[in-house]
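Structure record follows, encoded as structure tokens.
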Amino acid sequence: MNQLISGIPVTYILGLAGILFSIGVLGVLIRRNIVIIFMSVELILNSVNLVFVTFSKALSHISGETIVFFVMAIAAAEAAVGLALVIAIFRHKKSTNVDELQSMRW
Amino acid sequence: MLDLFPIVVLLPLLGFLHNGLLKDRIPHRFAGAIGTLAVFIPFLITLGAFNEFNPMERTAPHLVPVFDWIVIGDFKTSFGYQIDQLSLYMTLIITGIGSLIHLYSMGYMKGNKGYNRFFAYLNLFIFCMLNLVLSDNLVLTFLGWEGVGLASYLLIGFDYDKSSAAEAGMKAFILNRIGDVGFILGTGFLFWLGGSLQYLTLQTNLQELGAFSEYANLVALFFFIAAMGKSAQIPLYVWLPDAMAGPTPVSALIHAATMVTAGVFLIVRLNFVFLLAPDTSFFIACIGALTALFAATIGVLQNDIKKILAYSTVSQLGFMFLAMGSMSYVAGLFHLMTHAFFKALLFLGAGSVIHALHHEQNIKHMGKLFGKIKTTSITFLLGTLAIAGFFPFAGFFSKDLILEKTYTYGAFGSILWTVGVVAAFFTSFYMFRLVFVVFFGKDNIDPHHKVHESPWTMTLPLILLAVGAVFAGFLQTPHFFLHIDTLERYFAPVLERGFQLAGQSGTLVEHSELAHDVEFSLAAFSVVIASIGLLLAYFLYQRKQSQILEEHTGFRKILFHKYYIDEIYDIIFVKPYVFVSKIVAYHFDTKVLDRFFLGIGGSFGVIANGLRRLQSGFIGDYALYVVLGTFCILAYLLTRGV
């Protein structure tokens with residue numbers, strides 16, 4: 001395995017991906033604004049993409065980069081549907097605070 | 001006629017179906033005629049078959065396979081009939097006396113709203129009884145055995161709106177089930193040992209199986225338990241007196257002449273087992289003798305005319321079992337036949353009296369009937385003479401044959417004989433007590449009742465049965481009187497094919513011939529005993545109009561209450577059973593069973609209630625679960641390795 005990518009050690013990049021992932025997860029867990037939560041989800045996805053690309057490069061294998069394209073496509077679809085839902089909910093509730101959106105429980 | 005034989009079984013079934021299915025749509029007269037013919041035609045066919053079979057010459061049975069019934073691997077049971085001396089004998093009794101009783105019922109049941117139902121049940125009974133005696137295997141016999149139990153239950157509880165009748169029906173049913181356990185166990189054992197359930201195959205298989213004699217006593221005991229239930233022996237006899245709640249023709253047909261003798265039949269049918277079981281046989285003889293005496297003493301103080309006859313039946317069945325136990329099967333079968341005649345006659349006579357007095361059954365409200373209902377009185381008197389064992393009526397020959405064979409039976413023969421003679425004395429006494437109180441004595445009839453003789457449909461069977469009760473004994477007589485041994489020769493082929501025990505030591509089968517003067521003195525002695533019974537009854541009830549036995553103090557009180565056996569059973573079996581049932585129903589069921597099953601349901605409810613708190617509706621919570629779940633999975637994978 002190639003330990004360096006463009007002179008940067010793989011561990012650095014993976015560490016960055018881990019930090020990005022943790023920020024994303026914390027954002028999803030802590031923030032109340034639904035749009036911010038969405039952005040945090042994007043962060044998670046991107047951190048994963050970064051991991052894929054890194055390993056693809058390091059192992060000189062194409063499959064990681066291929067999956068990144070799929071992830072991007074799905075992220076785009078998710079953003080489109082998710083934002084549409086957010087707009088619909090906002091029109092209904094006049095709020096983007098997720099704590100006020102808890103009618104779908106037992 | 002032998003090829004037509006399945007019709008004998010089929011016709012009562014058709015009669016049952018016809019009257020049972022169309023019971024509300026056909027007139028009574030028609031139903032009665034159908035029911036009677038469905039038994040009478042088989043009687044004629046049986047007579048024809050009897051001639052064709054030529055029982056005095058032929059030794060091999062005639063087998064009529066009808067169809068296979070249950071076939072599982074090696075196990076095979078078929079609807080097949082075995083026509084031999086024994087089954088023909090029983091069939092003649094069942095259809096012959098059965099058709100007389102059907103004819104009688106046409107008169108007796110007139111005006112009863114359950115008339116058609118009654119005839120349907122009677123035909124069902126005849127059908128099952130014929131299966132019982134004609135079957136060539138144990139399973140079909142058991143089917144008939146259960147079938148007659150069912151018919152008996154239905155007929156005892158015929159007046160189902162009377163709770164006493166319904167309860168008597170249940171009592172009979174349950175007590176019979178106890179006996180049936182013995183039948184099933186015995187059947188299982190025989191199949192295990194003999195590898196078949198067909199009588200003929202069993203007979204040959206067991207003969208080759210040397211080790212069978214080790215099990216013979218056990219198997220015989222099981223079948224005797226079955227016989228105890230059906231034939232009302234101690235300790236399972238208590239249902240028979242209660243069975244008198246059924247209509248009188250039923251008492252005559254089922255509970256005197258046919259079904260209750262099924263136990264006797266079973267033992268003779270399986271004589272190849274019982275011959276090898278001397279210990280069980282001795283036990284049977286003791287139970288039989290005890291039953292004969294015990295029931296006869298109870299009969300002395302009863303006041304219900306049918307109950308007296310019922311106890312007399314139990315007692316006479318005891319005599320038959322005494323014969324079975326002392327392995328003189330011919331004597332037992334002989335008594336079975338004569339008893340069928342005179343006991344059916346007595347029951348039907350009692351029915352005629354009851355009919356004449358508008359359903360009065362208490363003998364204290366009867367009296368001086370002799371002459372007012374002439375046919376009934378005379379035939380009843382003949383029946384009484386027969387059952388009491390007066391020379392030369394049928395009962396004399398059959399009972400004396402039993403006593404004589406008992407006398408020669410093993411070491412305890414003379415003790416059993418003594419018990420039998422005492423029972424015979426009581427028989428004579430209570431029967432003549434009945435006769436003197438009802439037909440002579442003081443007139444205690446309710447003056448509002450107009451006494452009238454019964455219609456011809458009822459008197460004709462009485463006359464025919466009386467003929468049988470008088471003359472049936474001449475089939476087998478002791479040496480000092482004609483010396484006829486027709487029955488012994490007749491049954492020889494059926495009984496001979498059992499094991500030959502002659503070679504074994506201590507054989508009980510070979511009866512030494514009694515010295516002729518001993519035989520004569522035994523017979524003379526029992527006539528004297530019967531006469532003493534008659535004279536005592538005459539003296540107490542006719543001359544002194546005595547009330548001596550009507551005051552119930554001391555031992556007489558015990559007798560009047562039938563030794564409190566019903567009460568004892570009630571305390572030992574019924575009360576604890578009900579007590580346990582109540583505990584199970586009201587405590588165990590609600591507090592343990594219900595709680596267990598409700599607990600299963602409830603625990604799911606509790607779990608669900610806890611889990612639903614997780615579903616808060618906050619997105620943040622759900623995201624946290626996802627993250628925590630991911631952590632758990634990751635942690636698991638990291639510790640365990642992928």
Side-chain angles (χ1 to χ4, degrees), chain A residues 1 11 14-15 17-48 51-52 55 59 71 74-75 78-79 81-90 92-106, chain B residues 170 174 575-642:
Chain A
M1 195 170 93
T11 42
L14 291 184
I19 290 165
L20 277 179
F21 186 85
S22 304
I23 293 171
V25 167
L26 273 178
V28 170
L29 288 182
I30 294 170
R31 302 307 295 263
R32 293 280 174 270
N33 188 321
I34 195 162
V35 181
I36 307 282
I37 290 175
F38 256 96
M39 287 159 65
S40 304
V41 170
E42 297 300 320
L43 263 186
I44 293 172
L45 291 171
N46 280 333
S47 78
V48 172
V51 173
F52 273 125
F55 279 118
L59 298 169
V71 174
I74 289 167
E78 177 247 321
V81 174
L83 286 173
L85 279 173
V86 168
I87 291 165
I89 291 171
F90 181 76
H92 192 66
K93 287 266 187 185
K94 303 281 180 244
S95 162
T96 54
N97 189 340
V98 288
D99 284 356
E100 287 169 29
L101 302 175
Q102 48 163 322
S103 56
M104 301 272 277
R105 56 174 188 172
W106 52 269
Chain B
M170 274 196 285
I174 289 166
K575 286 258 170 64
Y577 187 80
V578 171
F579 178 70
V580 171
S581 302
K582 275 192 177 145
I583 287 180
V584 169
Y586 299 117
H587 300 285
F588 182 72
D589 191 42
T590 52
K591 288 184 185 154
V592 180
L593 281 184
D594 284 1
R595 281 187 188 180
F596 176 68
F597 288 106
L598 289 177
I600 289 179
S603 60
F604 279 113
V606 170
I607 291 169
N609 247 333
L611 283 177
R612 79 174 190 183
R613 291 187 201 291
L614 294 177
Q615 202 176 357
S616 58
F618 292 113
I619 289 177
D621 288 358
Y622 298 152
L624 184 65
Y625 304 150
V626 171
V627 171
L628 287 178
T630 314
F631 268 119
C632 290
I633 293 170
L634 281 176
Y636 175 74
L637 289 176
L638 284 174
T639 52
R640 194 185 147 272
V642 181

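Numbers restart at 1 for each chain; the letters A, B, ... are given by sequence-line order, proteins then strands. All values derive from a computational prediction rather than experimental measurement.
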Between [atom1] of [X] and [atom2] of [Y], what distance do you get to the nearest 0.5 Å?
X      : Y      : atom1 : atom2 : result
A:I23  : A:L20  : CD1   : CG    : 6.0 Å
A:I19  : A:L14  : CD1   : CG    : 11.0 Å
B:L593 : B:L598 : CG    : CG    : 10.5 Å
A:I89  : A:K93  : CD1   : NZ    : 9.0 Å
B:L638 : B:F631 : CG    : CZ    : 11.0 Å
A:F21  : A:L26  : CZ    : CG    : 10.5 Å

>> Can you tell me if B:H587 has over 12 outside heavy atoms packed within less than 6.0 Å of its NE2?
In response: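 Enclosed.
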> Of all the residues in residues 620-627 of chain B, which have a heavy atom that comes within less than 4.5 Å of a heavy atom in chain A?
Replying inline: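 Residues B:G620, B:Y622, B:A623, B:L624, B:V627 are the ones that qualify, each having a heavy atom under 4.5 Å from chain A.
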>> Only heavy atoms, only distances under 4.5 angstrom. Which residues in residues 29-44 of chain A are near chain B?
In response: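 Result: A:L29.
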>> Do A:V98 and B:F618 make a side-chain contact, defined as non-hydrogen atoms from C-beta onward lying under 4.5 Å apart?
In response: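 No. Closest side-chain heavy atoms not under 4.5 Å.
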